[in-house]
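One structure follows; several queries about it will come next.
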Amino acid sequence: MKTTLQHYLRQAVQQLCDTGKLPAQAKEAPIQVERARDPKFGDYASNIAMILAKSCQQNPKLIAEELVSALDTISNVHTVSVAAPGFINFGVEDAFFHSKMAEIIAQKEAYGQIDYGRGEKVHIEIVSANPTGPLHVGHGRLAAYSASLANVLAAAGFKVHREYYVNDAGRQMRILATSVWLRYLEIMGEGVPFPGRGYKGSYIIDIARTLQEDYGDQFFQSAAMVFADVPPDDEAHEEAHIDALIERAEMLLDKSNFKLVFDRAMNSILDDIREDLSEFGVICEEWFLESKLLETGDIDEGIERLKKGDYLYEKDNAMWFRSTTFGDEKDRVVVRENGQPTYFASDIGYHLNKLERGFDHLVDVYGADHHGYIARLNGLLQALGDDPKKLNVLLVQFAILYRGKTKVSMSTRGGEFVTLRELREEVGNDAARFFYIMRKREQHLDFDLELAKSESNDNPVYYIQYAHARVCSIFRQLAQKNMAWDQAQGEASLALLIHPHEKALSRQLARFPECIEMAAVANEPAVVATYLHELANGFHSYYNAHVFLVEEEEVRNARLYLVEATRQVLRNGLTLLGLSVPEVM
RNA sequence: GCCCCGGUAGCUCAGCUGGAUAGAGUGAUCCCCUCCUAAGGGAUAGGUCGCAGGUUCAAAUCCUGCCCGGGGCACCA
């Protein structure tokens with residue numbers, strides 16, 4: 001409808017230009033059509049006259065009136081009026097919205113699927129937290145956000161590939177394996193002082209225990225052997241201390257046994273993450289291992305390509321990427337002085353790999369602490385000879401956890417965090433998911449556990465779900481009264497929906513596809529959440545103001561038609577956000 | 001010091017590709033179940049849109065400066 005109105009307005013402007021009432025450059029002006037805020041202004045409004053007023057040096061109201069008289073009649077538009085200071089308002093026929101309702105009923109779950117994305121392939125990273133411990137509530141926001149965004153993009157017509165990037169190759173993972181081994185020795189009765197840089201969470205002990213149960217004393221070494229010649233674990237040496245312990249572990253266990261411990265640690269954590277996400281309604285089509293990049297040779301190939309483009313240079317025995325060429329504040333190390341590649345080297349390989357898989361868009365979802373990455377990743381795409389616009393790095397602000405007024409620490413290594421699983425169990429999947437989603441990603445999220453728990457019944461998600469359950473209840477009542485909904489008669493009787501609540505609700509329903517597009521353009525699933533809340537509000541108001549199961553058949557069937565369309569849109573929206581759609585509450 | 005995000009009703013936030021009287025939820029006060037689930041609806045109260053300039057016919061929305069809060073500035077991942 002918007003584009004139709006734009007089209008007609010453009011024609012009108014054209015005509016005024018041709019007849020000399022407006023200067024020729026008026027044709028260039030962008031034609032904006034907005035949904036009217038207040039029903040008394042009609043359904044749509046345009047400010048075009050006010051925009052033209054300046055360049056044409058004419059009274060905006062006069063221009064508006066000229067435009068209106070130049071407009072052809074537009075089908076489904078019953079009123080075109082001019083309001084001060086120069087708005088052109090359009091009133092749309094109810095019949096137009098009735099036809100939209102029929103579309104909803106006919107299309108069912110497909111209503112809201114639009115072609116904005118034109119089938120382009122999108123790769124979206126889901127969480128990608130290091131498998132060094134269970135997901136905590138900070139990851140929860142990334143998970144909920146990226147999963148819902150993926151759904152929104154899919155609905156908007158993109159072909160979406162959801163992928164979890166598993167960092168299984170770095171030093172942190174070796175620290176993890178070493179931590180498990182030390183706990184194992186502890187269980188075997190060795191008094192081992194636990195390193196300050198080790199992973200202290202209790203899940204490490206759990207993994208160590210299963211290791212002991214399955215392998216007995218196969219990995220046993222005396223504490224004296226382990227700590228021989230290891231630097232002290234004080235502030236000045238703690239990094240050296242943990243590195244030395246890793247080395248001792250690899251040496252004393254030999255490679256294959258170390259790998260056994262390593263794999264056991266990683267896989268049990270990864271299994272936990274998989275299960276956690278799946279229970280949270282977060283699906284990944286692929287789990288991509290960082291170590292795979294070594295096998296495919298993507299890292300080497302990426303580095304080669306950067307070398308060819310002269311984007312790499314050597315300094316202080318390390319290899320640097322010229323990211324300053326692309327606006328980064330400093331160049332970045334790719335290969336360390338000691339010959340070890342940095343994490344950024346993996347990034348090079350991974351992004352190259354994704355590009356070679358033929359994706360049109362790469363969506364990286366990171367926590368706000370990664371904001372320094374944007375410049376170097378954009379630079380990377382350019383240096384690889386690709387379009388940096390393909391890459392969209394989306395930063396999600398932190399969820400700061402509070403218990404009452406005290407901030408809860410979330411250090412994975414320190415082990416004192418609230419896990420996503422704990423949160424889900426405390427407030428429920430739907431409440432947790434909606435709480436994460438309802439804020440836009442750039443908004444800091446204060447997550448007060450006490451509040452989330454105590455107010456779980458007041459959570460807006462229930463408000464929306466309740467609207468759906470109420471519709472279901474209406475149809476149950478209908479059946480109990482031995483009545484049936486005559487869909488065809490309802491559709492034929494929609495003109496009987498004359499109340500303001502009904503007109504407003506039918507207009508809200510028609511907005512859903514537009515809402516999906518807005519959410520996709522802005523990469524904000526929160527837009528859908530806000531919409532659903534408004535829709536539920538529109539329904540609840542209607543519900544309280546009118547009885548649906550009335551005696552007059554035509555009216556009843558028409559109202560049920562509207563209500564059924566509402567149910568469908570609520571269902572589609574909730575599903576999109578990964579929320580359950582209860583029929584009874 | 002530099003960079004990113006935020007600062008709107010007591011609280012949590014929408015609105016921010018500039019537009020017509022700034023909106024929800026929650027908390028406060030009051031009203032509505034002989035009628036489809038009151039996890040609901042309705043009404044009232046509550047706002048110098050952080051501060052100061054600027055651009056504009058029009059600024060919560062754009063620009064500049066400042067103040068406050070969060071985060072980031074590794075040869076860590």
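To find a chain, count down the sequence lines: A is the first, B the second, and so on, and within it residues start at 1. Hydrogens, waters and symmetry mates play no part in the numbers below; they use all other heavy atoms, side chains included. The model shown is predicted, which means the values in this text are computed figures rather than measured ones.
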Quick one: do A/Glu534 and A/Arg511 make a salt bridge, cutoff under 4.0 Å?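 The answer is yes: the pair qualifies as a salt bridge.
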
Give me the distance, rounded to whole Å, that separates B/rG69 from B/rA20 when you measure between the P atoms they each carry.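 Pairwise P distance, B/rG69 against B/rA20, rounds to 33 Å.
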
Salt-bridged, A/Glu564 to A/Arg559, with N to O below 4.0 Å?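 Salt bridge flag = no for A/Arg559 with A/Glu564.
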
Rounded to the nearest Å, what distance is computed from the OH atom of residue A/Tyr44 to the P atom of nucleotide B/rG19?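 Taking OH of A/Tyr44 and P of B/rG19, I get 18 Å after rounding.
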
At under 4.0 Å between heavy atoms, what does A/Glu329 touch on the DNA or RNA strands: base, sugar-phosphate, or nothing?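 Sugar-phosphate contact only - A/Glu329 comes under 4.0 Å of backbone atoms but never of a base.
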
Can you identify which nucleotide, out of B/rC13, B/rA39, B/rG40, has its nearest atom closest to the A/His540 side chain?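 The answer is B/rG40, which lies nearest to the side chain.
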
Side chain of A/Tyr462 - closest among B/rA39, B/rC13, B/rG19: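 Of B/rA39, B/rC13, B/rG19, B/rA39 is nearest to the side chain of A/Tyr462.
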
Check this for me: does any side-chain nitrogen of one of A/Glu551 and A/Arg556 sit under 4.0 Å from a carboxylate oxygen of the other?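 Looking at A/Glu551 and A/Arg556, the cut-off is not met.
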
Any residue meeting ring-ring contact (aromatic ring centres under 6.0 Å, His included) with A/Phe90, in chain and number order, not counting sequence neighbours: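 ring-ring contact (aromatic ring centres under 6.0 Å, His included) list for A/Phe90, sorted by chain: empty.
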
Salt bridge or not between A/Asp364 and A/Lys354? Use side-chain N to carboxylate O under 4.0 Å.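 Counted as a salt bridge, because a side-chain N and a carboxylate O are separated by less than 4.0 Å.
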
Could you please name the partner base of B/rU56, counting Watson-Crick and G-U wobble pairs only when both distances are under 3.5 Å?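 For B/rU56, the partner nucleotide comes out as none, under the 3.5 Å rule.
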
Scan A/Val584 against the nucleic acid and name what it touches under 4.0 Å (heavy atoms): base, sugar-phosphate only, or nothing.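 It contacts base atoms.
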
Is there a donor and acceptor pair closer than 3.5 Å between the side chain of A/His533 and the base of B/rG25?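 A donor-acceptor contact between them is absent.
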
Report yes or no: is the cationic atom of A/Arg35 (NZ for Lys, CZ for Arg) under 6.0 Å from the centre of the six-membered ring of A/Tyr44, at an angle within 45° of the ring normal?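 Negative - A/Arg35 is either too far from the ring of A/Tyr44 or too far off its axis.
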
Considering only the P atoms, how many Å lie between B/rG18 and B/rC62, rounded to the nearest integer?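 Each nucleotide's P atom is 9 Å from the other's.
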
Comparing A/Thr530 and A/Gln477 on RNA chain B - which has the more 5′ nearest nucleotide: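 Looking at the nearest nucleotide for each, A/Thr530 comes out on the 5' side.
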
Please classify B/rC33 as syn or anti, treating any glycosidic angle within 90° of 0 as syn.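 Syn, angle within 90° of zero.
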
C1'-based separation of B/rC32 from B/rC13 [nearest Å]: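 Comparing C1' positions in B/rC13 and B/rC32 gives a spacing of 28 Å.
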
Picking from B/rC13, B/rC75, B/rC5, which would you name as closest to the side chain of A/Glu337?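 Shortest atom-to-atom distance from the side chain points to B/rC75.
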
Measure from the side chain of A/Tyr466, starting at C-beta and using heavy atoms only, and say which of B/rC5, B/rC75, B/rA38 lies closest.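 So the side chain of A/Tyr466 is nearest to B/rA38.
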
State whether A/Arg171 and A/Glu239 are salt-bridged, where the test is any N-O pair (Lys NZ or Arg NE/NH1/NH2 against Asp/Glu carboxylate O) under 4.0 Å.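 Yes, this pair counts.
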
Salt bridge flag under 4.0 Å for residues A/Glu583 and A/Arg476: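 Judged by the 4.0 Å cut-off on N to carboxylate O distance, A/Glu583 and A/Arg476 do not form a salt bridge.
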
Could you tell me the separation between the CG atom of A/Asp331 and the C1' atom of B/rC73, rounded to a whole number of Å?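 My rounded result for the distance is 15 Å.
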
Would you say A/Arg556 reaches B/rC36's phosphate, i.e. side-chain N/O to OP1/OP2 under 4.0 Å?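 For B/rC36, OP1/OP2 do not have a side-chain N/O of A/Arg556 under 4.0 Å.
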
In whole Å, I'd like the distance from the CZ atom of A/Phe539 to the C1' atom of B/rA39.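 Roughly 13 Å, once rounded to whole Å.
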
Nearest-angstrom distance from the residue atom CG of A/Leu312 to C1' of B/rC75: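 It works out to 15 Å between those atoms.
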
In whole angstrom, give me the gap between the C1' atoms of B/rG53 and B/rU21.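 One C1' to the other, the span is 27 Å.
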
Report yes if at least one side-chain N or O of A/Gln397 is closer than 4.0 Å to OP1 or OP2 of B/rC4; otherwise report no.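 Looking at the OP1 and OP2 atoms of B/rC4, neither is under 4.0 Å from any side-chain N or O of A/Gln397.
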
Kindly confirm whether the side-chain ring of A/Tyr543 is stacked on the base of B/rG40, judged by centres under 5.5 Å and planes under 30°.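 By the stated criterion, A/Tyr543 and B/rG40 do not stack.
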
Could you work out the separation of B/rC66 and B/rC2 based on their P atoms and round it to a whole Å?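 Nearest-Å result for B/rC66 against B/rC2 at atom P: 8 Å.
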
Is there a side-chain polar atom (N or O) of A/Lys330 under 4.0 Å from OP1 or OP2 of B/rC75?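 Checking A/Lys330 against B/rC75: at least one side-chain N or O falls below 4.0 Å of OP1 or OP2.
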
Counting the atoms with a prime plus P, OP1 and OP2 as sugar-phosphate, which does A/Gln480 contact under 4.0 Å by heavy atoms, base, sugar-phosphate, or nothing?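 Nothing: the residue A/Gln480, judged by heavy atoms under 4.0 Å, touches no strand.
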
Any donor-acceptor N/O pair, A/Glu163 side chain to A/Trp287 backbone, under 3.5 Å: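 No, the answer is negative, given that no donor and acceptor are paired below the 3.5 Å cut-off.
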
Out of B/rG19, B/rC75, B/rC36, which nucleotide sits closest to the side chain of A/Ile474?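 Given the options B/rG19, B/rC75, B/rC36, the side chain of A/Ile474 is closest to B/rC36.
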
Measure from CZ on A/Phe321 to C1' on B/rC75 and round the result to the nearest Å.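 Checked: the CZ to C1' distance equals 16 Å.
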
Taking the minimum atom-to-atom distance to the side chain of A/His371, which one of B/rC3, B/rA20, B/rC75 wins?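 Looking only at side-chain atoms, A/His371 lies closest to B/rC3.
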
With both distances kept under 3.5 Å, what pairs with B/rG6, Watson-Crick or G-U wobble?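 Result: B/rC68.
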
Has A/Lys440 got a side-chain N or O lying under 4.0 Å from the OP1 or OP2 atom of B/rG15?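 Checking A/Lys440 against B/rG15: at least one side-chain N or O falls below 4.0 Å of OP1 or OP2.
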
Within this structure, what is the CD-to-C1' distance between A/Glu34 and B/rG15, rounded to whole angstrom?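 Rounded to the whole Å, the gap is 12 Å.
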
Side chain of A/Asn47 (C-beta onward), nearest among B/rG6, B/rG19, B/rC36: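 Selected nucleotide: B/rG19.
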
Tell me which nucleotide among B/rG70, B/rU21, B/rC36 gets nearest to the side chain of A/Phe41.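 The answer is B/rU21.
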
Among the candidates B/rA74, B/rG19, B/rA20, find the nucleotide nearest to the side-chain atoms of A/Met50.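 Side chain of A/Met50 sits closest to B/rG19.
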
Answer with base, sugar-phosphate or nothing: what part of the nucleic acid does A/Ala469 contact at a heavy-atom distance below 4.0 Å?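 Base, at least one base atom sits under 4.0 Å.
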
Whole-angstrom distance between B/rG54 and B/rA14, as gauged at atom P: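 Going atom to atom, P in each nucleotide, I get 30 Å.
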
B/rG72 base / A/Asp369 side chain donor-acceptor hit below 3.5 Å: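 Check fails, no donor-acceptor contact within cut-off.
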
Verdict with reasoning, A/Leu562 to A/Phe539, per side chain to side chain contact (heavy atoms under 4.5 Å, CB included): CA-CA 10 Å; A/Leu562 173 57; A/Phe539 171 76; over 6 Å; no

Across all strands, who's sitting opposite B/rA28 as a Watson-Crick or G-U wobble pair, both distances under 3.5 Å?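 Result: B/rU44.
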
May I have the distance from A/Phe87 (atom CZ) to B/rA20 (atom P), rounded to whole angstrom?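 Rounding to the nearest Å, CZ of A/Phe87 and P of B/rA20 are 6 Å apart.
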
Between atom CZ in A/Arg439 and atom C1' in B/rG6, what is the gap in whole Å?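 That distance rounds to 13 Å.
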
P gap between B/rU61 and B/rU8, integer Å: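 Approximately 13 Å lies between the P atom of B/rU61 and that of B/rU8.
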
Would you say the side chain of A/Tyr531 lies within less than 4.5 Å of the side chain of A/Val569, judging by non-hydrogen atoms?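 With C-beta onward as the side chain, the pair touches.
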
Say we look at B/rA43 and B/rC3: how far apart would their C1' atoms be, to the nearest angstrom?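 Here B/rA43 and B/rC3 have their C1' atoms 49 Å from each other.
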
Taking the side chain of A/Tyr463 as its heavy atoms from C-beta onward, which of B/rG40, B/rG6, B/rA39 lies nearest to it?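 For the A/Tyr463 side chain, the nearest candidate turns out to be B/rG40.
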
With a 4.0 Å cut-off, would you call A/Arg507 and A/Asp43 a salt bridge?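 Here A/Arg507 pairs with A/Asp43 in a salt bridge, since their nearest N and O are under 4.0 Å apart.
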
Which part of the nucleic acid, if any, lies within contact of A/Ala45, taking any heavy atom under 4.0 Å across all strands shown: a base, the sugar-phosphate backbone alone, or nothing?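 Base contact.
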
Taking for each residue the nucleotide of RNA chain B with the nearest heavy atom, is it A/Ile88 or A/Met438 whose nucleotide lies nearer the 5' end?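 Comparing both residues, the 5'-ward one is A/Met438.
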
Nucleotide N/O of nucleotides 42-44 of chain B paired with protein N/O under 3.5 Å:
{"from": "B/rG42", "atom 1": "OP1", "to": "A/Ser541", "atom 2": "OG", "distance (Å)": "3.0"}

